[in-house]
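First the structure, in the form of structure tokens, and then the observations on it.
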Number of protein chains: 2
Amino acid sequence: MKWSELNDNWCPVARTLSVVGDRWTLLILRDCYLGRTKFEEFAQAGGMTRHILADRLKRLVEVGILERRAYSTAPKRYDYVLTAKGEELRPALTIMKEWGKKNLPIRRSAVEG
Amino acid sequence: MKWSELNDNWCPVARTLSVVGDRWTLLILRDCYLGRTKFEEFAQAGGMTRHILADRLKRLVEVGILERRAYSTAPKRYDYVLTAKGEELRPALTIMKEWGKKNLPIRRSAVEG
DNA sequence: ACCTAGCGTTTCTTTCTGGAACTTTCCTTA
DNA sequence: TAAGGAAAGTTCCAGAAAGAAACGCTAGGT
């Protein structure tokens with residue numbers, strides 16, 4: 001089965017994962033929940049390449065999790081803000097945060113957010 | 001940043017995703033929550049190739065989300081069962097299930113689990 | 001005129017994934 | 001006792017996706 005065929009899967013979990021289930025998308029969402037909205041912010045904080053970032057943002061907008069909003073007209077600039085739909089996924093990330101804190105402690109440094 | 005560098009990231013969400021954040025791992029977990037335990041069951045239900053499945057199962061065992069347990073010694077056979085650690089991620093999948101049901105309705109058929 | 005910021009896009013190389021057959025170890029059935 | 005099958009992986013190859021890093025575009029600052 002191809003990843004793209006998952007969006008009509010019988011299982012709602014599979015359909016959700018067809019949208020947010022890849023390596024970087026959930027990390028972008030985390031950044032959104034932390035208040036980031038701009039391309040450059042995601043690019044610097046997220047760690048993925050700009051290439052991938054542009055692609056994932058487009059997909060998140062298409063599916064209605066983020067909204068692409070012009071915040072400046074003179075030099076055309078857009079940022080990305082969470083929609084209500086996007087907010088509904090926040091609890092899932094919260095669970096992952098707690099799980100990571102508890103089960104995957106950092107070895108190199110003790111800093112934690 | 002490479003995916004593998006994520007396991008010592010400052011962010012607990014990132015660390016969690018370094019373990020379960022890829023295309024198929026969460027789908028394997030879904031199967032676990034549905035009661036599947038055997039390699040062949042995952043292979044048939046999940047839709048991923050056996051290749052990838054073997055790799056992901058190994059990783060889930062290494063990190064302690066699943067336990068590889070011999071259920072037959074004569075022909076050596078193993079199955080994979082959730083640990084307590086693994087059970088703790090169930091709520092995240094539940095949220096994704098609900099989100100998918102609500103926000104990504106099926107177009108082709110009306111069957112739903 | 002030149003530099004910088006913001007938001008992507010392009011190119012090239014490396015890594016990962018999909019598909020399908022193959023292996024190994026036993027068990028069953030004829 | 002030979003044939004066939006089941007379970008749990010492995011191996012091989014072609015094609016898709018990701019990483020790195022530079023390039024492009026628009027517009028404002030100096």
Side-chain angles (χ1 to χ4, degrees), chain A residues 1-9 14 17-29 31-32 35-62 66-81, chain B residues 1-9 14 17-29 31-32 35-62 65-82:
Chain A
M1 187 197 298
K2 283 211 178 101
W3 188 245
S4 56
E5 297 169 32
L6 228 49
N7 55 10
D8 264 326
N9 196 280
L17 290 175
S18 79
V19 174
V20 299
D22 80 299
R23 287 179 149 74
W24 298 116
T25 304
L26 286 166
L27 231 38
I28 293 173
L29 275 184
D31 285 344
C32 292
R36 306 194 219 281
T37 60
K38 302 213 202 85
F39 190 94
E40 294 298 324
E41 290 175 333
F42 294 126
Q44 283 162 34
M48 83 267 336
T49 60
R50 317 168 67 74
H51 185 184
I52 301 295
L53 174 57
D55 181 75
R56 296 301 187 275
L57 285 174
K58 199 192 313 179
R59 198 138 53 88
L60 286 170
V61 168
E62 278 170 11
L66 297 182
E67 190 194 337
R68 189 167 183 261
R69 198 186 53 177
Y71 72 93
S72 155
T73 49
K76 287 209 173 184
R77 293 291 148 75
Y78 301 91
D79 61 0
Y80 298 86
V81 292
Chain B
M1 188 197 297
K2 285 211 179 102
W3 189 243
S4 55
E5 296 170 32
L6 228 48
N7 54 9
D8 264 325
N9 197 278
L17 290 175
S18 79
V19 175
V20 299
D22 80 300
R23 287 179 149 73
W24 298 115
T25 303
L26 285 167
L27 232 39
I28 293 174
L29 274 184
D31 285 343
C32 291
R36 306 194 219 280
T37 60
K38 302 213 203 86
F39 190 94
E40 295 297 324
E41 290 176 334
F42 294 125
Q44 282 163 35
M48 84 271 329
T49 61
R50 318 168 65 73
H51 185 186
I52 301 294
L53 175 58
D55 182 76
R56 297 301 186 275
L57 285 174
K58 199 191 315 180
R59 198 137 53 88
L60 285 170
V61 168
E62 277 169 11
I65 288 176
L66 296 182
E67 190 195 335
R68 189 165 182 260
R69 198 186 51 178
Y71 72 91
S72 155
T73 50
K76 289 210 172 184
R77 293 293 147 74
Y78 301 92
D79 61 359
Y80 298 86
V81 292
L82 284 161

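In what follows, every chain begins at residue 1, and chains take the letters A, B, ... in the order their sequences are listed.
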*asked:* Please report the distance, rounded to the nearest Å, between CG in A:L53 and C1' in D:dA17.
replied: 16 Å
*Could you tell me whether the phosphate oxygens of D:dA8, OP1 or OP2, come under 4.0 Å of any side-chain nitrogen or oxygen in B:Y71?*
yes
*Please state how far atom NZ in B:K38 lies from atom C1' in D:dA8, giving the value in whole angstrom units.*
12 Å
_Nearest whole Å is fine: how far is D:dA18 C1' from A:R50 CZ?_
16 Å
*On DNA chain C, which is the earliest and which the latest nucleotide, 5' to 3', with an atom closer than 4.0 Å to a heavy atom of chain A?*
C:dA5 to C:dG19
*If each of A:D55 and A:R77 is mapped to the nucleotide of DNA chain C with the nearest heavy atom, which maps nearer the 5' terminus, i.e. the 5' end?*
A:R77
*Rounded to the Å, how far apart are B:I52 CD1 and D:dG15 C1'?*
14 Å
*Closest non-hydrogen atom pair between B:L27 and B:G46, with its separation*: CD2-O, 4.3 Å
_Please report the distance, rounded to the nearest Å, between NE2 in B:H51 and C1' in D:dA8._
14 Å
_From the set D:dT10, D:dA8, D:dA22, return the single nucleotide nearest to any side-chain atom of B:A54._
D:dT10
*Near DNA chain D, under 4.0 Å by heavy atom, which residues of residues 17-26 of chain A?*
A:W24
_For B:E41, all residues meeting side chain to side chain donor-acceptor pair (under 3.5 Å), sequence neighbours excluded_ = none
*asked:* In the structure I gave you, are the side-chain heavy atoms of B:N7 and B:V19 within less than 4.5 Å of one another anywhere?
replied: no
*Distance under 6.0 Å and angle within 45° of the ring axis: does A:K38 meet both against A:Y78?*
no
*Measure the spacing between NZ of B:K58 and OH of B:Y80 and express it to the nearest 0.5 Å.*
9.5 Å
*So which heavy atom on B:A45 is nearest to which on B:D31, and how close?*
CB-OD2, 4.1 Å
*Say you draw a straight line from CD of B:Q44 to CG of B:L53; how long is it, rounded to the nearest 0.5 Å?*
11.0 Å
*Which whole-number value in Å describes the distance from B:R68 CZ to D:dA7 C1'?*
12 Å
*To the nearest 0.5 Å, what is the distance between CG (B:D22) and CZ (B:R59)?*
5.5 Å
_Using the rule side chain to side chain contact (heavy atoms under 4.5 Å, CB included), only one of B:T49, B:I52, B:L29 pairs with B:W24; which is it?_
B:I52
*salt bridge (charged side-chain N to carboxylate O under 4.0 Å, His left out) contacts in which one or both residues fall within residues 68-81 of chain B, not counting sequence neighbours*: B:R69-B:D79
*asked:* Can you tell me if B:R69 touches the phosphate of D:dA8, counting only side-chain N or O atoms and a distance under 4.0 Å to OP1 or OP2?
replied: no
*Check each residue of residues 40-49 of chain B for a non-hydrogen atom within less than 4.0 Å of any atom in DNA chain D, then write out the ones that pass by number, or none.*
B:E40
*asked:* Once side chain to side chain donor-acceptor pair (under 3.5 Å) is applied, do any residues pair with B:S18, and if so which ones, sequence neighbours excluded?
replied: none
